[in-house]
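Here is the structure we will look at.
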Amino acid sequence: MPHTPRITRRDLLRAAALAPVAGALAACATPAAKPTASSAAPAATSAANPFGVAADKPLEVWIFDGGFGQDYAKNIHQPLFKAKYPGVEIKHNSTKEITKVLQPRFAGGNPPDVIDNSGANAMDFGALAQDGQLQDLTPLLDAPSWDDPATKIRDIIDPAVVELGTYDGKFSVLGYVNYIFGIWYSQKVFRDNGWEVPKTWDEFLTLNDTIKKSGKMASFTYAGKHPQYLYEPLLTMAAKIGGNEVLVNLDNLEDGAWTAEPMKAAAAAWAEIGAKYLMEGTAGLDHVQTQTAQNKYKVAMLPSGSWLENEQKSTTPDDFEYGMFPLPDVTGSDKLPYGTLHTTPGENFIVPSKGANPQAGMEYLRAMLSKKAAGDFSELVKTVSVVKGAGEGRQLSPGAASASKAVTDAGANTVTYRWQTWYAQLKDEAMAATGQLMSGGLTPDKYLERLQKKADEIKNDSSIKKFKR
């Protein structure tokens, strides 16, 4: 990805007004004026209908058609909603280009009612929050669960969902999936070749050497066209070395956060992988191409999240047996122990505040958070939802079982970061710079200096809403 020019908030607003079709921008361009209250006429509320869903008002749903596809919405969530509200017409839509397709709808003041705002081309949550475009979902947290009227929604979901979905003091983004990040591999390939999961960085380098010298396959790759797949393990490594405060400082735009010593050590480590062990052609490949190469036994390891197994179901050999391992210990004196994971609620759903039917939008989310809906989802797409106990009694696939065990083993040693959803320009810069780091176009020091410069620009730009952990 080329260097991203600096685009101010005013530039985005003007772009929306003059050319709404310019949806390729990474941030959500919306009118500067505060949105008016929805004109939807709710029905009477009750314990069974806590938001006052009108019996015959249409509901427009947009799903990101990515790693989890869209069948879960059509075959699990929407039939469950329709069973309770048969008179509500659900207008189902899907796209891989959320920003491009839906940004003009926000600019025009007529967004849909529910959006799975996910993927590489998701809209900028920070910009949406700044413009008052997100419905306050706090009433959803306090509503009775779909399964048990005596239990509130907030009591059946991972608490991190609320923390990470809160913008400007309001809970407005519902992460539905527990994304679990790590290094993915074929358990069959490792078993057949006698390769052991590494627990230290030296062991990881030795494993890469062994695989490379075997001539059987390349040792490592990542989605070269989407370098966020690589800055994820880089940042997790930095947190292991220096503690969670490394990531908190990045989120809070602290002076020198990007050039801190743990960041330097992590950038240097991954630059070495880029220089010595990458599968040939990695820089020009996207996530599906690199993952398919792994399924074809052309490469041994790659970084990804727990959506991987479902995303690759059409190309994965029956006996491939996905597995995932956490980042190895790096220095011998890391502040966080072996097994530390980056986990975060993802597959983020929003209800636009200016949609025609926000009442049904919130009720749709309530249905999604039922134990049956979440359990069926987990089984269908081979992953773990944020609903507590939804996977109980379900048959987990090898990859999902491996990732779930890693989370259990990690316990409280999990980390996350939020700057990439708060500041779209910084994410664009990190993607471009990380690609150059891995291809040798930037030294580790120059890489981090570039990102610190961009973070400082955002910090000093009064037109950009700031968030804090």
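- A salt bridge is absent between K371 and D147: the closest approach of a Lys/Arg side-chain nitrogen to an acidic carboxylate oxygen does not fall below 4.0 angstrom.
- Checked by atom type, the side-chain pair T200/D202 shows no donor-acceptor distance below 3.5 Å.
- Pairing each heavy atom of D65 with each of K96, the nearest pair is O-NZ, 2.7 Å.
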Worksheet entry | Pair Q312-Y322, side chain to side chain donor-acceptor pair (under 3.5 Å): steps then yes or no | CA-CA 10 Å; Q312 291 300 117; Y322 268 115; 4.9 Å; no

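- For the ring-ring contact (aromatic ring centres under 6.0 Å, His included) test with Y176, the passing option among Y364, F68, F377 is F377; the others fail.
- Counting non-hydrogen atoms of other residues, nucleotides and ligands closer than 6.0 Å to NZ of K84 gives a total above 12.
- Side-chain atoms of K276 and N208 include no donor-acceptor pair closer than 3.5 Å.
- Between N93 and K91 the shortest heavy-atom distance is ND2-O, 3.1 Å.
- Residue W195 is tested with F190, F325, F204 for a ring-ring contact (aromatic ring centres under 6.0 Å, His included); the sole match is F190.
- E203 and K199 are not joined by a salt bridge, as no carboxylate oxygen comes within less than 4.0 angstrom of a charged side-chain nitrogen.
- Screening Y447, W419, W258 for a ring-ring contact (aromatic ring centres under 6.0 Å, His included) involving Y231 leaves a single residue, W419.
- Using a 4.5 Å heavy-atom cutoff, the side chains of I180 and M324 are in contact.
- Screening I350, V114, V351 against Q135 for a side-chain contact (heavy atoms from CB on, under 4.5 Å) leaves a single residue, V351.
- For R418 and F125, the positive end is not near the middle of the six-membered ring at less than 6.0 Å and at most 45° from its axis.
- There is a side-chain donor-acceptor pair under 3.5 Å between D116 and Y72.
- For the pair L437 and A267, the tightest heavy-atom approach, listed with the atom from each and the gap, is CD2-O, 4.1 Å.
- Considering all non-hydrogen atoms of both residues, Y277 and D209 come closest at OH-OD1, 3.0 Å.
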| query | Taking it one step at a time, do D334 and T331 satisfy side chain to side chain donor-acceptor pair (under 3.5 Å)? | reply | CA-CA 6 Å; D334 292 354; T331 67; 2.7 Å; yes

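- Neither side chain, Q228 nor Q420, offers a donor N or O lying under 3.5 Å from an acceptor on the other.
- For the pair L247 and R469, the minimum side-chain heavy-atom distance is below 4.5 Å.
- For CD of E272, the number of neighbouring non-hydrogen atoms (other residues, nucleotides, ligands) closer than 6.0 Å is greater than 12.
- At a threshold of 4.5 Å between non-hydrogen side-chain atoms, the residues M431 and Y229 do not count as touching.
- Around NZ of K388, the count of heavy atoms belonging to other residues, nucleotides or ligands within 6.0 Å exceeds 12.
- Considering every non-hydrogen atom in both S378 and S385, the closest pair reads OG-N, 3.4 Å.
- Residues N295 and T316 are in side-chain contact: their nearest non-hydrogen atoms beyond the backbone lie under 4.5 Å apart.
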Please test Q294 against T290 for side chain to side chain donor-acceptor pair (under 3.5 Å), starting from the C-alpha separation and ending with a verdict. CA-CA 6 Å; Q294 185 181 48; T290 52; over 6 Å; no

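- Contact detail for L341 and P326: the closest heavy-atom pair is CD2-CB, 3.6 Å.
- Put simply, the side chain of L250 does not reach to within 4.5 Å of the side chain of Y417, judged on heavy atoms.
- For D286, the salt bridge (charged side-chain N to carboxylate O under 4.0 Å, His left out) test picks out no residue, with sequence neighbours left out.
- Aromatic ring centroids of W307 and W184 lie 6.0 Å or more apart.
- Residues Y423 and D124 bring no donor and acceptor atom of their side chains to less than 3.5 Å of each other.
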* To do: Take S145 and T151 through the test side chain to side chain donor-acceptor pair (under 3.5 Å) and record every step on the way to the result.
  => CA-CA 6 Å; S145 72; T151 304; 4.9 Å; no

